[in-house]
Structure formats: C-alpha cells, structure tokens
Amino acid sequence: MHKYRTHNCGEMRRENVGEEVRLSGWVHRVRDHGGIIFVDLRDGYGITQVVIDPEREFHENLEHWRLESVLCFTGKVVSRSPETVNPKLATGEIELEAWEMQVLNDCQVLPFSVAVEDECDENLRLQYRFLDLRRSGMHQRVLLRSKVIRSVRRILEDDLGFTEFQTPILANSSPEGARDYLVPSRLHPGKFYALPQAPQIFKQLLMVSGFDRYFQIAPCFRDEDARADRSPGEFYQIDLEMAFASQEDVFSAVEYLFTTLFPEFTEKNISKAPFQRITYHDAMLRYGTDKPDLRIPIEIQDVSELFADSDFNAFRQVVEKGGVVRAIPVKGIADRPRSFFDNLIEFTRQHGGKGLAYLIWNQEGVKSPIAKFFTENTLEELRCRGDLQAGDVMFFVADQEHRAAALAGEVRRHLGEILDLCDTQRFDFCWIVDYPMFELNHQTGEIEFSHNPFSLPQGGMEALNQDDPLQVKGFQYDLVCNGVELSSGAVRNHRPDIMFKAFSIAGYEQQEVEEKFGGLLRAFRFGAPPHGGIAPGLERIVMLLAECRNIREVTAFPLNQNAEDRLLGAPSTVSEKQLKELHLKLNLPKKGKEQKARKEAQ
RNA sequence: GGGGGCGUAGCUCAACUUGGUUAGAGCGCCGGCCUGUCACGCCGGAGGUUGCGGGUUCGAGUCCCGUCGCUCCCGCCA
C-alpha cells in the first residue's frame, strides 16, 4: 500500500465500498461524540468523512483534534446508511472506517479559520497566505487562473497558430511609461538592468525576426502605486503580436480568443463577435469614459446649445466660456424621495463637480427648480432627446468638456450601481478605437503622446505632415468588458521615417530617439514587416470570471498595497558585502517611513 | 505626495449616536459530558494596556489633537 494514500479525498464513491484504502489530508472539521468520532478529511480534491469507532484506541495518545493538522488514515470504505448520506459532499455516500492513523504534521492554533471563510484582515491573510490559499474561495480562484492560462495557450496555439516565446526579465530601462524596477549590475559599475514593464520591444523584434504570431503569458513589472485592480510589482499579460496584420486582424483574433475562452468558464451571456466598436470620441461623449460599462442602459448626450439659449445662468455661462452641458437621462426614478437627489448632488460634489441639475417628468408635467428657466419648446426637446415620459428624470452637469464628460460618466456609473441597472448575467465587450495620437499637456502647453509612441498614426506620414497633430488618430485600441479595461494594443509604426516624425511632434530630436530606441530602429532598417498586437491583462480576466474586485484575490502571493511581502519579508535589506559587489552606497532619507527603514537596516 | 474609511479577545463583530458600575456575543482555545454527526450538541473556564501617544473631563473604548498600521480613491500607471 502506498505510504500516504491510495486515493484522494474527493474521488471515492459507492463503487469503492469494501476496499481497504489509505487517505491523507487536512483535518477540516471534527465531530467528537465522546464515543464515535467523525473527522472530515480534506485534500486538494475534496472531503471524505473518516469514522473512528470507540473501540479503536489508536487516537487516544493524540492530545487534540487540532484543525488543519495533516493526518493519514488507513481503513475500509463502507457505505453510509440512507439516512446518514450527506448530499452536500461528493463522497457523501461513503465513509472511511479507520483502523490506523498517523500524524504527518501537527498544526498550531489557527490565526483564522480555514473551514469557515469569515472575512478577516487582509494583512493577516497575507501573513498566513498558505492558510488563506487552503480556503475554498482562494483555492478555487488560483485554480481558475491556472485553467484560464491553459485554455489561452490551447486556443492561441491550436486554433489561432500563435507560438509562445520567452523574453528577457533582465531588460533595459524604458524611457516612456511607468517607473522601472532596477537591478544593479555587478559587472558594469553604475549601470542597471530594468525589469520589463511589458515585453513590448522584444515582441516587435520577434516580428522583425520573421516569427509570424507571437504570444507570451508575460510577467510585467511596474513600480507604481497600487489600486484594487492594479498590483504593485508584477502582473501578467497575455501578450500578443501579429505580423502583416491590420487592426481588424488583431480584433478578430482577440474576439475569437475571448468568445472561445469565456464560455469555458461561465454560463453568462457573452457579446458575439464582432464586438461593438466605439470611437474614443464617442465613448467620452456617450459614457464619459473610455472604459464604459455597456450594461448600464443610460447614454449621455450633449445639450449645450439648449442651455446656451436658456435663462439658466449658471449653466449658460459655462457654455459661453467654451464649456459644455451633458444630459444623463434616467427612466423610472421620478418618484424617488428628495434625499435620493440630494445624495446625487453630494456625489457629484465629491467628484469635483460644482453641481447637478435635474428635471423630473411626472403626470402633472415637469417638476424642478430649474424648469422655470426653460421654454416649453426646450423642455419638450430635452424630453424627446432622452426618449423620456412621465416618471423619468434627466440630470445635467456643466463644465469644460473633459471635466463635464468625466463627471457625467461618474454619475452614469454611480446610477448604474445604486439603481442596480447592470445585468450581472452579461459580459459586454467593446473595442474603443481611434484614440488621438497626441494630446495637449494642460500644464506645460506642450504636445505629448497620448498613448503608445510606437503606434501607427492613421493617415501615416501624410497626416503627420499636414494635419493638426491634435486631430491625428492612432491605430490604437482598447478592449473593454463591463467597465473593465482589459487590454490596450496598437498597430505599430514600423517605419523609422514616420517614427522620427511622430516623435518630433512630441518634442523629441532625432538623435534622442536614436539613443533611446536604437535597437528597435536598427531592426526597422532591416526589413520590418507591418505588425500589430495587444496584451490583455490576465488578472483582470480572472477577476471578471471569478466576480471579484480585487486583484489580490486572484493572485497566490501578491504584494500588499505598500509593495511588501509580509510572509517572506520582501523587500529586505542586504549585506554590506552585497552592496559593495554592486558598487552601491545607500543614501537614505531622514524622515518618516524611511527612517524606520534605516533603523531596520542597522 | 494628497483625501476618505477602518483599528475593541486568536478571528468576526457589539457597546460609540447621547462619556458613567466589572467592555459583551459567536467562532476558536482549555477542562468536562456525549456512539451516527456532518456548521454535532450540552456544561464550565481562560482570554482585553479598546493600535500607540497626548489633551478635554470628576470620569474616555466613546469627544478633540497627533501618530502608526491596514484599506479604498486621487496623483501616478503608454
């Protein structure tokens, strides 16, 4: 008989009755009746009930039935009588009648319960992550992540002809984008590697190398502050790149990927390919964001000209100063109490808005403190534009365009949430396309790249030469699902001449570009195929499928919000010798948090 | 770097609004009882510098200030 187990804790059924077996696992729960004892033994596959007859005395030198100890039982599989069958367990028709037990590993008193998944302090969970990962929820999510990766590989390789590559982790610092994680070089004093923020340049080089379709489950490292959906440190992208590909080619590959992948893991309704395409401009107007949740059945509208003619001075003046008025029509909430509307006004103030006006249509007509500022015709025009009738409401915000759009978007999203307007049984995908190539930095007044400097400008060289830079669009796109930005991508600019031109508009001298992107430029002078790609975020996909809002819930060993690993103690100080080998001297700050760090270092 | 929320037993929470006797409950832990439970049940017990420091007050878990920690958001993240 195997030293630890002949079966796992999830597999035995009625057919196994009569067999002599051995099971190992964790003590999930114990019901000690003084005489007979029941132990729920759990492993990675399930739970089996072990029964210990009072006449068996093997357990008597065991001091406690300490939960989460690892035990090994040997005995006979017996069938449960009909009234003792447990339908909640897959193995509930049988149980193991044990005649021998071995303690493989004892367990101390637990800091939190494994069997009962009560919420508990996340820091504590991270400190005892191995226990947290035993809990069913985390356990299943980590397994889900693994299965998603497996499916992605299968779909990309078998169905779409992609090839998986690996690219360096010790890469070089990228001048654009987020802060880098740096690794000092021992052999080259004063020089540093940088962990890749994404394998962007490497995958483009692979395209130039003649590999047709690249993918990688790629670790990405960015030294940026955390958010609920953004890990500090590292995260993973399903990094894709395709040679001789147009934007549409990338779209159809990704649409195939998602419409094949998602049904493997969810019963919910998934957008059919082709996914809706929304221009960046339209998205900002209709949804007030470039990552709209299309499940919310509200579309924002511009009504600036109707307010320009009104007597509603506060908003009219905003329009006269070049601002806009955006309307948010909402059905069926006219009978909400005053407090509902007051709370919304408070919400807009908290999000930087000056105010929120509204019109309420009910049986008697229009009810609102601002109704008197409008003619009958204007009120009717507003009602028609929102397709409204009695019982409906229209909200208004006014500000400079980008602020009004963002605020209206926040109000729309908030209404979707508090009115519970999202159909949770849907995954609504869309593409956001036609991002502007450049944007104005309002602080410096200078033109900057608005997204990726490697994107191909629509209209190519001609557009860069002739058009207003702020009007030039890029072959740059985002994939969005239920308000989550899943992915950014672009058709790349593979022509050095167009690259120099684009960079010069953003204020870079040719020589500077040459210095920063010398390797890529060299490649582009030796026969680069047109290419494009995208990189969906793995964790966000798993978060959508697992219905959780925090990236740490789908990551086995995440750093906490302060980018610390509280289980193993990263980051940590290093020895003088290590620093010396790397030609480093510390120059630590004197105050606050860092002072503590210095204390620890001593 | 800035703003919001939270911090009470090992864990989850109550007491806070309106300051007032000995800070309670469930789970866990310790002891006892229990032969068919499956969130087993029953009896008893231990366990607290209310994150830390200061202030107001006759009196502070509760009010005020500071600080630390966690978390969410803004900045930041092509």
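Note that these values count all heavy atoms, side chains included, but never hydrogens, waters or copies made by symmetry. Naming convention: chains lettered A, B, ... in sequence-line order (proteins, then strands); numbering from 1 in each chain.
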Stacking of A:His33 on B:U37 base (centres under 5.5 Å, planes under 30°): no
Per the atom types in the model, does the base of B:C70 pair as donor or acceptor with the side chain of A:Asn123 at under 3.5 Å? no
Would you indicate what A:Gln200 reaches in the nucleic acid, counting non-hydrogen atoms under 4.0 angstrom: base, sugar-phosphate, or nothing? base
Would you say the ring centroid of A:Trp99 lies under 6.0 angstrom from that of A:Phe58? no
So, does A:Arg230 get its side chain near the phosphate of B:C72, meaning an N or O under 4.0 Å from OP1 or OP2? no
Give the nucleotide from the list B:A39, B:C29, B:C70 with an atom nearest to the side chain of A:Lys88. B:A39
State whether the distance check finds a donor on one side and an acceptor on the other, under 3.5 Å, for side chain A:Glu95 versus base B:G36. yes
Of the listed B:C72, B:G36, B:C38, the closest approach to the A:Arg31 side chain comes from B:C38
Partner nucleotide, any strand, of B:C70 [Watson-Crick/G-U, under 3.5 Å]: B:G5
Taking any heavy-atom pair under 4.0 Å as a contact, classify A:Asp121: base, sugar-phosphate, or nothing. sugar-phosphate
Over 60° means perpendicular and under 30° means parallel, so classify the ring planes of A:Phe503 and A:Phe517, tilted if in between. tilted
Would you kindly give the CG-to-C1' distance between A:Leu124 and B:G7, to the nearest whole Å? 14 Å
Can you tell me, in whole Å, how much space there is between the C1' of B:U50 and that of B:A9? 10 Å
Whole angstrom is fine here: how far is it from CG in A:Asp229 over to C1' in B:C76? 13 Å
Within the structure, does a side-chain N or O atom of A:Arg179 lie under 4.0 Å from either OP1 or OP2 of B:C77? no
Over all strands shown, is A:Glu410 touching base, sugar-phosphate only, or nothing at heavy-atom distances under 4.0 angstrom? nothing
Expected output: side-chain A:Arg125 to main-chain A:Glu119 donor-acceptor under 3.5 Å: no
When the P atoms of B:G2 and B:U67 are considered, how many whole Å apart are they? 10 Å
Rounded distance (Å) that lies between atom P of B:G28 and atom CD of A:Glu117: 16 Å
Any heavy-atom pair between the side chains of A:Asn493 and A:Phe454 that's under 4.5 Å? no
Please work out if A:Phe449 contacts a base, only the sugar-phosphate, or nothing of the nucleic acid, heavy-atom cut-off 4.0 Å. nothing
Pairing partner of B:C27, by Watson-Crick or G-U wobble and under 3.5 Å for both distances, is B:G10
Aromatic ring proximity A:Tyr435/A:Tyr477, centre distance under 6.0 Å: no
Atom CD of A:Glu83 and atom P of B:U35 are separated, to the nearest Å, by 18 Å
I'd like to check the side-chain hydrogen bond (donor to acceptor under 3.5 Å, both in side chains) partners of A:His28; sequence neighbours left out, ordered by chain and number. A:Arg42
Which nucleotide, if any, forms a Watson-Crick or G-U wobble pair with B:U21, using both distances under 3.5 Å? none
So which nucleotide does B:U49 pair with, by the Watson-Crick or G-U wobble rule with both distances under 3.5 Å? none
Which one of A:Arg540, A:Arg552, A:Arg549 satisfies the salt bridge (charged side-chain N to carboxylate O under 4.0 Å, His left out) criterion with A:Asp229? A:Arg540
Measuring only the C1' atom in each nucleotide, how far is B:G47 from B:G28? A whole number of Å is fine. 11 Å
Can you check whether A:Arg125 has a side-chain N or O nearer than 4.0 Å to OP1 or OP2 of B:U71? no
Please determine, for the side chain of A:Arg566, which listed nucleotide (B:C70, B:A78, B:C76) has the closest atom? B:C70
Below 4.0 Å: OP1/OP2 of B:A78 and any side-chain N or O of A:Arg222: yes
For a quick check of understanding: with a heavy-atom distance under 4.0 Å over all strands, which category does A:Arg549 fall into, base, sugar-phosphate or nothing? nothing
For B:G36, the nucleotide meeting Watson-Crick or G-U wobble distances (both under 3.5 Å) is none
Less than 4.0 angstrom from a charged side-chain N to a carboxylate O is my criterion; do A:Arg222 and A:Glu224 meet it? no
Check the distance between B:A78's P and A:Met437's CE and give it to me in whole angstrom. 15 Å
Expressed in whole Å, how much space separates the P atoms belonging to B:G45 and B:G26? 12 Å
Measuring only the P atom in each nucleotide, how far is B:A23 from B:C65? A whole number of Å is fine. 27 Å
Would you say that A:Pro571 contacts A:Glu564 through its side chain, given a criterion of any heavy-atom pair below 4.5 Å between the two side chains? yes
With respect to the side chain of A:Phe112, which nucleotide from B:C11, B:C70, B:A78 is positioned closest? B:C11
Relative to the 5' end of RNA chain B, which residue comes earlier, A:Val30 or A:Arg227, by the nucleotide with the nearest heavy atom? A:Val30
According to a strict under-4.0 Å criterion, is A:Asn550 in side-chain N/O contact with OP1 or OP2 of B:C72? yes
P atom, B:G53 versus B:G31: distance in rounded Å? 35 Å
B:G61 and B:G20, which share atom name C1', separated by this distance in whole Å: 13 Å
Of residues 45-54 of chain A, the positions that come close to RNA chain B - non-hydrogen atoms, cut-off under 4.0 Å: A:Gln49, A:Pro54
Within this structure, what is the CG-to-P distance between A:Asp225 and B:G1, rounded to whole angstrom? 9 Å
Complement of B:U62, any strand, by Watson-Crick or G-U distances under 3.5 angstrom: none
Test salt bridge (charged side-chain N to carboxylate O under 4.0 Å, His left out) applied to A:Asp40 and A:Arg31, A:Arg29, A:Lys88, the passing residue: A:Arg31
Regarding A:Ser81, tell me which of base, sugar-phosphate or nothing describes its non-hydrogen contacts under 4.0 Å with the strands shown. nothing
Nearest nucleotide by nearest heavy atom, which residue falls closer to the 5' end of RNA chain B, A:Leu110 or A:Asn560? A:Leu110
Rounded to the nearest angstrom, tell me the gap between atom CG in A:Asp132 and atom P in B:U12. 12 Å
Compute whether any side-chain donor of one residue and acceptor of the other, for A:Gln458 and A:Asp434, lie under 3.5 angstrom apart. yes
As a test of reading the structure: which of B:G36, B:U71, B:G69 is closest to the side chain of A:Arg80, going by heavy atoms? B:G36
Out of B:U71, B:G36, B:A78, which nucleotide sits closest to the side chain of A:Gln197? B:A78
Would you measure the distance from the C1' atom in B:U57 across to the matching atom in B:C63 and give it in whole Å? 10 Å
Within the structure shown, what part of the strands sits under 4.0 Å from A:Thr84 by heavy-atom distance: base, sugar-phosphate, or nothing? base
